[in-house]
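Keep in mind that this is a model prediction, so the values were computed, not measured.
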Amino acid sequence: MSRENVNETAKLVLPNGQEIDLPVAHSTDGYDGVELGKLLSETGFITLDNGFVNTGSVKSQITFIDGDEGVLRYRGYSIEELAEKSTFMEVAYLLMHGELPDFTQLEEFRMGIKYNTELDWDFRKIYEAIPRDGHPMPSIAGAINLLSNYNQSCLDPHDPEQVEKATQVIMGQVPMIIADIYRRLHGMAPMYPRHEYTLVENFLRMMFGSPSQEYELDPELVHTMEVLLILHADHEQNCSTSTVRTVGSANANLFVSVAAGVDALYGPLHGGANQAVLEMLENIRDNGGDADKFMEKVKNKEDGVRLMGFGHRVYKNYDPRAAIVKKHAHRVIDMLGGDELLDIALELEDRALNDDYFVERRLYPNVDFYTGLIYRAIGFPTDMFTPLFSFGRLPGWIAHWREQNADPRSKIFRPRQVYQGETERTYIPLEERQ
Ligand code: CMC
């Protein structure tokens with residue numbers, strides 16, 4: 001039975017003896033929440049939760065995670081089933097609209113995106129200003145910010161038609177921008193999307209093809225890419241999605257909100273971890289392949305070194321996405337001729353899962369542990385791994401931004417603080433300071 005409408009309160013007793021009854025927000029699955037909105041006005045206290053370890057910032061209907069059991073569902077469908085049976089486009093529709101599309105809905109959705117893959121010619125000139133030795137992520141974020149100026153007819157967050165158009169432009173053009181920036185960084189001639197290909201096929205063509213030749217798509221690799229994109233498509237209120245929601249809460253348009261998400265994702269503790277994992281594996285290999293030595297460094301917290309691709313704020317069990325990726329890593333890497341880095345990764349995982357340090361802290365492989373190995377096998381350079389994560393996460397960012405904007409109860413995000421700085425003091429003129 002749904003308990004969403006059951007009235008319950010939680011009593012909070014404060015140090016000064018004051019008591020307050022706080023309403024409980026019931027979930028359909030997982031944790032209930034204690035609503036604290038009136039705490040300050042009625043008691044003079046705020047809550048403090050460093051890193052939002054225990055804070056629900058929104059009520060959402062999009063994605064469910066049970067971190068203890070290792071469960072992930074988009075709109076009620078298990079990630080395992082979606083990865084096996086769906087396409088990225090179906091999953092994107094599901095996240096944004098709440099239901100799996102029928103044939104007509106899917107076709108309309110795909111067409112809307114497909115006919116919005118082409119970039120304005122003037123826009124493409126921005127690539128010339130991108131330095132060739134920089135990481136692609138800031139350039140991708142910059143380009144998405146600028147899309148907002150090139151699409152001024154769809155910036156109103158409260159006009160559903162404009163939101164739909166902005167969604168199509170972002171879903172269609174951002175993957176092309178990622179491929180364009182890759183080509184620019186590698187001094188390759190530009191490629192343009194073609195309508196006979198799906199979004200994923202166009203992306204692969206634009207990454208690895210040449211304008212002078214037909215590109216031969218490998219259906220196995222297309223399928224693998226589809227699966228990886230599905231696995232990255234949403235993960236409820238993670239750092240980048242919360243960033244998108246924060247920026248969007250100020251009524252900022254979809255383009256700039258998504259650009260902010262790309263910036264947050266760039267961080268090595270978030271999306272940047274997939275690149276960091278591969279660099280870690282290469283480092284271990286280049287230093288003689290001694291996994292034990294590396295693990296000792298991690299456990300002694302030497303120089304802040306961590307086992308990248310391990311641990312998660314929410315999962316205290318095997319990340320279900322990591323289990324799927326691992327299966328595909330074996331398949332793709334075997335198909336493409338093996339990789340010594342996979343052996344190192346398997347050895348690290350085995351050691352970690354049998355080591356007290358990791359067991360006590362409940363640290364398991366996360367989605368990033370094996371993805372980089374697949375990307376590498378397909379031929380993506382290391383600095384393209386996080387851009388690939390951002391491609392996959394587009395539907396989630398958009399779905400959360402849309403959910404927030406469609407909810408009339410949404411408010412601008414504006415946390416409080418517990419101030420611990422100086423109390424009021426007298427200004428000392430410069431000439432009197434010592
Ligand atoms: N290697 C070694 N120790 C770790 C690791 C790790 N990967 N992750 C956490 N710990 C330890 C940490 O040192 C701490 O130990 P102690 O209790 O002795 O101080 C304990 O485990 C709890 O860690 P935390 O940093 O308080 O946990 P958190 O929830 O704040 O951080 C995390 C979560 C994902 C940032 C962290 O586990 C981490 O840095 N992992 C490596 C980076 C990574 O793989 N990130 C990708 C996350 S999944 C995809 C995504 O979100 O983009």
Side-chain angles (χ1 to χ4, degrees), residues 1-77 94-99 157-158 160 163 234-252 257 261 264 312-317 396-420:
M1 191 194 82
S2 165
R3 293 165 63 237
E4 278 166 283
N5 299 319
V6 176
N7 284 324
E8 266 181 336
T9 56
K11 191 178 286 300
L12 181 65
V13 183
L14 295 156
N16 58 8
Q18 228 180 333
E19 290 186 3
I20 179 170
D21 287 321
L22 297 161
V24 171
H26 291 285
S27 61
T28 51
D29 212 343
Y31 307 118
D32 291 341
V34 178
E35 297 204 40
L36 296 162
K38 291 207 162 57
L39 186 64
L40 176 62
S41 60
E42 295 193 4
T43 68
F45 279 82
I46 62 163
T47 52
L48 179 63
D49 180 14
N50 189 20
F52 307 129
V53 176
N54 195 51
T55 295
S57 53
V58 293
K59 293 175 183 168
S60 179
Q61 302 185 342
I62 301 173
T63 287
F64 173 73
I65 301 174
D66 182 333
D68 288 321
E69 296 297 324
V71 169
L72 169 62
R73 296 189 204 116
Y74 299 159
R75 301 280 189 182
Y77 296 103
L94 171 70
L95 287 168
M96 290 178 209
H97 297 285
E99 299 295 338
H158 302 298
V163 170
D234 192 39
H235 214 231
E236 48 115 310
Q237 312 308 324
N238 57 86
C239 179
S240 57
T241 302
S242 296
T243 303
V244 170
R245 278 191 179 259
T246 302
V247 176
S249 78
N251 274 352
S257 304
H312 199 276
R313 172 65 59 79
V314 182
Y315 292 118
K316 301 302 166 197
N317 200 329
W397 289 333
I398 295 171
H400 282 274
W401 186 95
R402 288 171 65 134
E403 181 178 67
Q404 176 168 279
N405 275 291
D407 183 351
R409 293 164 307 177
S410 291
K411 282 173 173 285
I412 188 164
F413 281 27
R414 203 314 185 177
R416 300 277 180 164
Q417 63 170 8
V418 173
Y419 176 70
Q420 296 191 326

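Of all the heavy atoms in Val53 and Arg313, the pair that sits closest is CG2-NH1, 3.5 Å. Across all their heavy atoms, Ser257 and Ala252 have their closest contact at OG-O, 3.6 Å.
Side-chain atoms of Ser41 come within 3.5 Å of backbone N or O of Lys38 as a donor-acceptor pair. In this structure, the side chain of Asn317 engages the main chain of Asp68 through a donor-acceptor pair within 3.5 Å. In this structure, Arg416 contributes its side chain and Leu40 its backbone to no donor-acceptor pair below 3.5 Å. In this structure a side-chain-to-backbone donor-acceptor pair under 3.5 Å is present from Asp49 to Asn54.
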- Task: Take Leu95 and Thr63, measure what side-chain contact (heavy atoms from CB on, under 4.5 Å) needs, and give me the verdict at the end.
- Result: CA-CA 8 Å; Leu95 287 168; Thr63 287; 4.0 Å; yes
- Task: Under the side-chain contact (heavy atoms from CB on, under 4.5 Å) rule, what do His97 and Arg75 come out as? Steps first, then yes or no, please.
- Result: CA-CA 9 Å; His97 297 285; Arg75 301 280 189 182; over 6 Å; no
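Side-chain contact check for Asn251 versus Asn405: some heavy-atom pair is nearer than 4.5 Å. Two residues are said to be in side-chain contact when any heavy atoms from C-beta on lie closer than 4.5 Å; Val58 and Phe413 meet this criterion. Residues Ile62 and Asp234 form a side-chain contact, since some pair of their non-hydrogen atoms from C-beta on lies under 4.5 Å apart. The side-chain heavy atoms of Trp401 and Pro157, taken from C-beta on, include a pair separated by under 4.5 Å. Proximity of Glu35 to Leu22: side-chain heavy atoms (C-beta onward) are nowhere separated by under 4.5 Å. Contact check for Thr241 versus Glu236: no side-chain heavy atoms found under the 4.5 Å cut-off.
Partners of Tyr315 by ring pair (Phe, Tyr, Trp, His ring centres under 6.0 Å), not counting sequence neighbours, listed by chain and number: His235, His312. With sequence neighbours excluded, the residues forming a side chain to side chain contact (heavy atoms under 4.5 Å, CB included) with Thr43 are Leu14, Gln18, Ile20, Leu39, Phe45, listed by chain and number. The salt bridge (charged side-chain N to carboxylate O under 4.0 Å, His left out) test applied to Glu19 returns Lys11, not counting sequence neighbours.
Interatomic distance, Glu8 CD to Asp32 CG, rounded to the nearest 0.5 Å: 7.5 Å. Atoms OG1 and CD, from Thr246 and Gln404 in turn, are 7.5 Å apart once rounded to the nearest 0.5 Å. With rounding to the nearest 0.5 Å, the separation of NE2 in His400 from OG in Ser242 is 8.5 Å.
Residues Ser60 and Glu403 have side chains that bring a donor and an acceptor to within less than 3.5 angstrom of each other.
A salt bridge links Asp29 with Arg73: the distance from a Lys NZ or Arg NE/NH1/NH2 to an Asp or Glu carboxylate oxygen falls below 4.0 Å.
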